[in-house]
Amino acid sequence: MNVLGIETSCDETAVAIYDSKHHQVAHLVHSQIPLHAKYGGVVPELASRDHIQRITPLLKELLGQTSEKIDAVAYTAGPGLIGALLVGATFARSLAYAWQVPSIAVHHMEGHLLAPLLEYPNLPFPFLALLVSGGHTLLVDVQDFGDYRLLGESIDDAAGEALDKTAKLLGLGYPGGAILSKLAEQGKPNRFHFPRPLTDRPGLDFSFSGLKTAVLHTTQTFEKIDEQTRADIAHAFIDAVVDTLVIKCTRALKQMNYKNLVIAGGVSANSQLREKLTSLMAQMNGKLWLARPEFCTDNAAMIAYAGYQRLQRDLANKDLGIQVKARWSLLEL
Ligand code: KG4
Ligand code: ZN
């Protein structure tokens with residue numbers, strides 16, 4: 001079976017075809033970074049308009065790579081920017097109607113959650129998943145496809161959001177997470193120290209907004225910040241975010257008595273996080289399951305794959321209406 005995936009929830013236009021027989025995926029991503037960079041963040045109206053312009057040529061290019069028939073169309077129905085979601089949803093529904101194939105509404109975070117299975121189709125359930133993206137930080141008990149229990153989440157900023165806001169504060173541009181992480185590699189350890197929020201009390205929730213304020217206060221102690229100081233601050237900040245995530249993962253793994261940890265979402269592309277969690281799982285005699293970096297950030301391969309899994313289990317919403325949701329809890333699935 002060949003499932004076309006369409007992702008337009010934020011600032012990437014992405015299309016993919018998942019071929020279930022060979023467990024292979026072909027995918028294309030058009031990034032809007034140059035479009036939004038000069039504004040220092042995503043401008044929703046510009047994002048929607050760009051999705052409209054890009055989606056048809058991008059799909060034509062992808063379909064040009066295959067002679068196979070498309071059997072279903074999966075699209076991101078939320079959460080995300082409403083105008084951007086509407087472009088992908090309308091496009092996907094229309095294609096499915098024209099081709100007379102099912103269309104499947106996919107939750108963006110379920111897409112992220114399942115992305116490591118593109119690499120490891122035999123990844124054993126149940127497992128703990130840490131989902132870290134620009135909009136969400138979630139610790140999820142994953143019993144099976146579509147069977148999720150929330151163990152913890154951020155009570156304020158998501159990890160990616162904190163990275164992006166701190167990068168902006170340090171004058172690093174957009175999107176900040178990857179730039180900040182790169183700069184941190186040049187930083188000297190132990191010159192600055194930031195707190196590990198909510199780790200001194202029980203529970204699995206996160207809070208990252210205070211960290212950004214701590215960075216602001218540190219920058220205010222300098223009249224002018226030189227490059228090395230900026231890198232040292234970035235280093236301490238990434239250390240604090242990564243340590244906090246590692247502490248909460250350790251706690252959740254022990255609580256659930258799980259040996260398998262999946263991390264997914266844009267921040268899971270971060271090399272420091274990948275390294276620290278790899279050694280944590282080695283210490284715990286468990287295993288860390290990761291998607292390749294291009295499937296950590298937004299892509300349509302994960303949407304096609306999640307759509308395929310939903311269709312297999314009769315979990316697909318076959319309603320012909322176009323329903324998109326800017327806010328949508330994973331637990332409603
Ligand atoms: O999953 P994603 O691509 O989009 C959302 O669903 O939000 O995640 C985007 C987030 C942004 O905050 C971005 O700064 C962060 O992921 N990010 C990274 C890296 N690449 C993307 N953060 C740290 N290190 C990276 N290499
Ligand atoms: Zn995402």
Side-chain angles (χ1 to χ4, degrees), residues 5-14 16 27 29-33 36-37 40-42 44 47 75-81 84-85 88 106-116 129-138 153-154 157-170 172-185 187 206 208-209 211-212 234-235 237-246 262-277 290-303 305-306 325-328 330:
I6 292 177
E7 154 65 40
T8 62
S9 67
C10 189
D11 56 349
E12 268 96 18
T13 316
H27 83 121
V29 181
H30 175 264
S31 165
Q32 297 181 352
I33 289 174
H36 301 292
V42 180
Y75 63 95
T76 305
L81 301 171
L85 289 166
V106 172
H107 190 294
H108 182 79
M109 296 311 291
E110 183 178 49
H112 276 305
L113 167 58
L114 299 179
L130 171 68
L131 304 184
V132 269
S133 70
H136 297 83
T137 305
L138 307 171
E153 65 184 326
S154 180
D157 291 356
E161 189 179 354
L163 285 166
D164 294 341
K165 286 180 176 169
T166 303
K168 200 168 182 178
L169 207 144
L170 292 172
L172 298 177
Y174 150 90
I179 309 171
L180 186 76
S181 305
K182 197 117 201 79
L183 180 67
E185 287 168 19
F206 302 90
F208 290 110
S209 71
L211 267 181
K212 169 195 68 201
H235 187 99
F237 176 77
I238 293 284
D239 256 9
V241 172
V242 169
D243 265 6
T244 305
L245 293 171
V246 172
V262 161
I263 58 168
V267 181
S268 71
N270 178 273
S271 50
Q272 290 99 317
L273 182 64
R274 293 166 86 97
E275 277 161 29
K276 282 208 178 164
L277 286 176
L290 289 162
R292 70 184 88 152
E294 70 192 279
F295 291 159
C296 291
T297 46
D298 287 350
N299 66 86
M302 65 186 196
I303 302 302
Y305 183 69
K325 295 179 193 172
R327 297 171 74 87
W328 184 10
L330 192 62

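We use all heavy atoms of the structure for the numbers below, so side chains are in, but hydrogens, waters and symmetry mates are not. As the structure lists them, so they are numbered: ligands from 1, and atoms in each ligand from 1.
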Side-chain contact, heavy-atom cut-off 4.5 Å: [X] with [Y]?
X    : Y    : answer
D298 : V29  : no
L330 : L131 : yes
L85  : W328 : no
T8   : T76  : no
L163 : I238 : yes
F208 : L245 : yes
L211 : F237 : yes
P293 : R274 : yes

Assess the residue pair E12 and N299 against the criterion (side chain to side chain contact (heavy atoms under 4.5 Å, CB included)); give the C-alpha distance rounded to whole Å, side-chain angles, the decisive distance to 0.1 Å, and a yes or no.
CA-CA 7 Å; E12 268 96 18; N299 66 86; over 6 Å; no
Under 2.8 Å from the Zn ion (ligand 2), which protein N/O/S atoms are there?
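Those protein N, O or S atoms (cut-off: under 2.8 Å from the Zn ion (ligand 2)) are H108 NE2, H112 NE2, D298 OD1.
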Tell me, please: is G135 in heavy-atom contact with ligand 1, that is, under 4.0 Å?
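Checking ligand 1 against G135, which is what was asked, there is a heavy-atom contact under 4.0 Å.
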Interfacing atoms of ligand 1 (cut-off 4.0 Å, heavy-atom, G160):
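What qualifies from ligand 1 is 12 (O).
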As an exercise, identify every atom of ligand 1 less than 4.0 angstrom from a heavy atom of L163.
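Matching atoms, with element in brackets: 22 (N), 23 (C).
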Hey, what do you get for NE2 (H235) to CG (L180), rounding to the nearest 0.5 Å?
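Rounded to the nearest 0.5 Å, the NE2-CG separation comes to 11.5 Å.
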How would you list, by chain and number, every residue that makes a ring pair (Phe, Tyr, Trp, His ring centres under 6.0 Å) with H27, sequence neighbours excluded?
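Ring pair (Phe, Tyr, Trp, His ring centres under 6.0 Å) list for H27, sorted by chain: F295.
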How far is [atom] from the closest protein heavy atom, and which atom is that?
atom                    : value
atom 25 (C) of ligand 1 : A178 CA, 3.8 Å
atom 18 (C) of ligand 1 : G266 O, 3.6 Å
atom 9 (C) of ligand 1  : G134 N, 3.6 Å
atom 6 (O) of ligand 1  : H108 NE2, 3.0 Å
atom 11 (C) of ligand 1 : D164 OD2, 3.4 Å
atom 3 (O) of ligand 1  : D298 N, 3.1 Å

Parallel, tilted or perpendicular, judged at 30° and 60°: which one describes the rings of H112 and H108?
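Correct class here is perpendicular.
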Look only at interatomic distance and state if G177 has a nitrogen or oxygen under 3.5 Å from any nitrogen or oxygen of ligand 1.
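Indeed, backbone or side chain, G177 has an N or O that close.
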Tell me which part of [X] gets within contact of ligand 1: side chain, backbone, both or neither, using heavy atoms under 4.0 Å.
X    : value
L273 : neither
E12  : neither
S181 : side chain

